[in-house]
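One structure below.
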Amino acid sequence: MKTSTPAPFVPQIRIYQDWLQAQRGLAFGSYDALWRWSVTDLPAFWQSIWDFSGMHSPTPASAVLADARMPGTRWFPGAQVNYAREVLRHADAAHAAGMPAIVSDNELGEVREMSWPELRRQVHAFALTLRGLGVERGDRVAAYLPNVTETMIAFLGCSSIGAIWSVCAPDMGTAAVVDRFRQIEPKLLIAADGVHYGGKPLDRSTVVQELRASLPSVRKLVLLRTPFASHAVEADSDWTAAVARDDAAVAAFEPEWLPFDHPIWIVYSSGTTGLPKPIVHGQGGILVNMYACGLHHDLGPSYGANNFGERYHWYSSTGWVMWNSQLSGLAFGSTICIYDGHPAGSREKPDWGVLWRFAARHRVTFFGAGAAYFTNCMKAGLEAKDCGDLARVRALGSTGSPLPEEVQRWGTAQLLAAGARSVWWYNISGGTDFCGGFVGGNRELPEVPGQMQCRYLGAAVEAWNEAGEPVVGEVGELVCTRPIPSMPLYFWGDEGNARYLSSYFDTYPGVWRHGDWIRIGADGGCVIYGRSDATINRQGLRMGTSEIYNAVEALPEVLDSMVVDLEYLGRESYMPLFVVLRAGAVLDDAMRSRINNAIRTSLSPRFLPDDIFLVAEIPRTLSGKKQELPIKKLLLGQPIDKVVNREAMANPASLDWYVAFVERRSPPGRAHCV
């Protein structure tokens with residue numbers, strides 16, 4: 001049995017800088033100097049990422065950057081790549097070192113380990129099955145699958161032959177899935193007929209049949225059969241048979257070389273209004289940006305001396321972009337640990353120790369989740385030391401929403417008390433839109449709780465004021481002034497790039513506007529303040545909603561909250577605050593006073609709400625984001641079915657209270673206007 005020191009010993013970003021000095025003669029006295037080079041000399045930087053990561057093409061690229069326009073940037077024309085090749089190149093070395101590829105677990109305690117050679121065999125077998133079912137390069141393959149090993153194999157099989165992947169999680173309703181998949185006209189559907197989630201078996205057999213009936217382009221169905229289906233679904237192939245092949249053809253199979261800009265997958269916007277945007281990313285852009293992000297992520301091959309024994313986990317469903325991040329661990333040569341289930345066991349009897357025990361049981365070294373997850377753990381009074389041996393965890397990752405300072409301090413104390421030697425928080429912010437990060441971590445920089453340490457290499461991120469000028473130390477619009485390889489190729493079916501342009505480039509032509517408020521400090525540290533379209537503007541002073549949440553949710557009685565600023569033309573705005581309280585707590589005058597005092601003390605009297613209302617739940621998207629803008633539109637008088645897609649929500653029943661609230665407060669004969 002081999003032993004190891006805590007992984008990794010040397011930060012990946014330091015290894016990269018040492019390589020730059022040795023191979024390029026480039027040395028930088030600070031991270032800021034390195035970052036400025038990376039966003040100024042784009043060809044040199046992105047070529048260095050290609051070379052440092054060991055990417056290979058059978059044909060040379062004619063340039064690194066042939067056209068720097070946004071959108072429409074052309075990267076590495078002439079080069080060929082394949083995501084599956086990048087993953088499977090680690091198979092032999094990782095297996096020789098005794099490292100598994102994937103460790104999976106679920107609510108029923110069913111643990112599976114898949115070796116690297118077995119991963120390779122099943123990917124090759126499934127790729128051949130896809131060809132046998134008539135799938136060709138450029139065809140879309142839609143997947144309705146949970147966070148299990150089979151989903152990752154299915155994706156890698158698709159990538160191997162140049163099919164374009166798109167996945168939705170089985171916790172999404174039929175209409176929401178159809179809204180996404182119908183736009184891309186998939187030829188083949190891969191689906192699970194059931195899942196076990198939140199402590200309950202959930203039958204999905206009827207949904208699978210409805211999906212096939214609602215997607216006329218689908219010619220074949222591959223079914224992942226489970227014990228949770230109420231009846232058998234007729235399929236063209238069972239998953240077991242689709243990956244069973246083990247012959248000379250499987251052994252000889254190699255993933256196809258694909259053009260750098262060949263589509264790899266289609267992901268979707270949150271879909272809160274209108275049809276979700278089907279966002280198309282390219283094979284090469286995803287790969288090269290993934291390797292750049294990996295320097296910040298600080299992941300390396302589990303079989304290498306520096307990261308020996310690395311085990312990477314980021315809790316996610318398949319409907320969130322962090323599933324793609326979890327998948328990327330395989331391309332780094334890391335063992336990935338995936339959990340299929342509710343992070344707190346069930347909604348009825350939450351147990352916030354589930355993932356901590358999972359991390360202890362499987363010797364996780366990197367433990368990531370949404371910021372709301374860690375907040376819930378703190379609110380529940382979790383004691384991490386009671387969850388098992390967590391001494392190997394060396395990093396906690398957080399994204400999805402801003403992480404409050406007190407939660408970060410709590411998590412650090414918890415992990416140290418549980419035996420960890422040190423704790424590095426990898427707080428990041430990016431997006432599904434470009435499948436990457438804008439701001440995040442650097443293990444060599446000092447940490448300030450509640451902040452992200454730096455802007456990512458290659459990401460020319462700035463905060464712009466209302467005049468479109470960059471500002472430092474002030475809150476402004478998050479923009480990216482130079483292209484990044486993983487920015488979308490286009491939106492599927494978007495004639496003339498109309499939706500693409502309006503989504504990111506309508507405010508500042510040629511400059512990516514992300515839709516977040518950000519403050520960049522003089523030291524390069526960054527704070528995200530929430531969506532810029534949900535910002536509070538009181539008497540000319542702007543404030544991100546996250547700052548109000550940090551103040552309000554610091555109160556032990558407040559489990560969740562949401563604030564909206566209802567601005568009316570020609571009169572003052574009205575700002576209600578909605579709160580979810582701990583069981584037994586009462587929203588009386590004393591509680592209202594405590595909430596107001598928290599806001600007054602932490603922020604300013606300007607941001608005191610006009611009213612405070614008790615609610616059972618805060619509406620959230622499937623990825624956990626508060627639905628501030630749809631509720632704002634509802635309260636301003638727009639019909640509920642025009643502002644939100646219930647089937648794109650984690651808790652659609654929560655909307656009923658807000659609809660009734662509007663009805664109660666609207667004068668007879670007038671349009672709804674709270």
Side-chain angles (χ1 to χ4, degrees), residues 82-92 94-95 99-106 110-133 135 139-170 186 188-193 195 220-226 235-247 249-251 253-256 264-265 283 286 312-313 316-318 323-340:
N82 193 301
Y83 195 110
R85 280 184 174 270
E86 293 299 306
V87 167
L88 297 176
R89 66 173 171 157
H90 298 287
D92 292 334
H95 185 62
M99 301 297 164
I102 304 174
V103 178
S104 62
D105 204 342
N106 60 23
E110 297 169 337
V111 177
R112 294 186 293 165
E113 283 198 5
M114 177 164 286
S115 70
W116 281 91
E118 180 62 9
L119 174 66
R120 177 172 55 196
R121 185 198 67 76
Q122 290 199 27
V123 168
H124 290 181
F126 189 63
L128 293 173
T129 294
L130 288 172
R131 284 180 177 169
L133 292 170
V135 177
D139 287 339
R140 278 76 63 210
V141 172
Y144 182 69
L145 295 169
N147 186 28
V148 292
T149 302
E150 289 84 353
T151 309
M152 296 190 166
I153 294 168
F155 161 71
L156 292 170
C158 288
S159 179
S160 294
I161 64 170
I164 306 171
W165 168 263
S166 191
V167 63
C168 285
L188 182 134
L189 174 65
I190 314 167
D193 63 9
V195 294
K220 302 290 183 181
L221 170 65
V222 176
L223 190 70
L224 176 60
R225 298 191 186 275
T226 71
D236 299 283
S237 175
D238 284 358
W239 176 264
T240 303
V243 296
R245 188 169 175 178
D246 188 7
D247 55 18
V250 170
F253 178 85
E254 288 191 7
E256 296 181 20
I264 184 171
W265 54 47
Q283 283 265 350
I286 287 294
Y312 171 50
H313 166 70
S316 178
S317 76
T318 51
W323 180 84
N324 305 71
S325 177
Q326 177 78 89
L327 174 75
S328 73
L330 293 174
F332 296 122
S334 297
T335 296
I336 62 172
C337 298
I338 59 177
Y339 182 76
D340 179 29

Take Val141 and Ile190 through the side chain to side chain contact (heavy atoms under 4.5 Å, CB included) test and state the conclusion after the steps. CA-CA 8 Å; Val141 172; Ile190 314 167; 3.6 Å; yes

Dump the intermediate steps for side chain to side chain donor-acceptor pair (under 3.5 Å) on Asn82 and Ser159, then the final yes or no. CA-CA 7 Å; Asn82 193 301; Ser159 179; 3.1 Å; yes

Dump the intermediate steps for side chain to side chain contact (heavy atoms under 4.5 Å, CB included) on Met99 and His90, then the final yes or no. CA-CA 11 Å; Met99 301 297 164; His90 298 287; over 6 Å; no

Tell me, with the steps shown, if Tyr83 and Ser328 meet side chain to side chain contact (heavy atoms under 4.5 Å, CB included). CA-CA 9 Å; Tyr83 195 110; Ser328 73; 3.9 Å; yes

Quick one: do Leu156 and Leu119 satisfy side chain to side chain contact (heavy atoms under 4.5 Å, CB included)? Show the steps, please. CA-CA 10 Å; Leu156 292 170; Leu119 174 66; 4.3 Å; yes

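Heavy-atom minimum distance, Leu145 versus Pro170: O-CD, 3.2 Å. Shown here for Leu224 and Glu150, the closest heavy-atom pair between the two residues is CD1-CG, 4.1 Å. The heavy-atom pair separating Arg131 from Phe253 by the smallest distance is NH1-CE1, 3.6 Å. In plain terms, the two heavy atoms of His313 and Gln326 that are nearest each other are CA-OE1, 3.5 Å. Nearest heavy atoms, Phe126 versus Val222: CE1-CG1, 4.4 Å. In plain terms, the two heavy atoms of His124 and Leu88 that are nearest each other are NE2-CD1, 3.8 Å.
Side-chain contact check for Trp165 versus Thr151: some heavy-atom pair is nearer than 4.5 Å. Side-chain contact between Ile338 and Thr149 is present, with heavy atoms from C-beta onward closer than 4.5 Å.
Distance SG/Cys158 to CG/Leu188: 7.5 Å, rounded to 0.5 Å. Here the straight-line distance linking atom CE of Met114 with atom OG1 of Thr335 works out to 13.0 Å at 0.5 Å rounding.
Salt bridge present: Asp92 and Arg120 bring a charged side-chain N and a carboxylate O closer than 4.0 Å.
With hydrogens and angles ignored, the 3.5 Å screen pairs a side-chain donor or acceptor of Asp193 with a backbone N or O of Thr226. Looking at His95, its side chain never comes within 3.5 Å of a backbone N or O of Trp116 through a donor-acceptor pair. In terms of modelled atom types and a separation under 3.5 Å, the side chain of Asn106 and the main chain of Asp340 share no donor-acceptor contact. No donor-acceptor pair closer than 3.5 Å links the side chain of Arg121 to the backbone N or O of Ala251. Between the side chain of Glu110 and the backbone N or O of Ser104, no donor-acceptor pair lies under 3.5 Å.
Between the side chains of Thr318 and Asn147, no donor-acceptor pair of N or O atoms lies under 3.5 Å.
Classification of the Phe155-Trp265 ring pair by plane angle, with boundaries at 30° and 60°, yields tilted.
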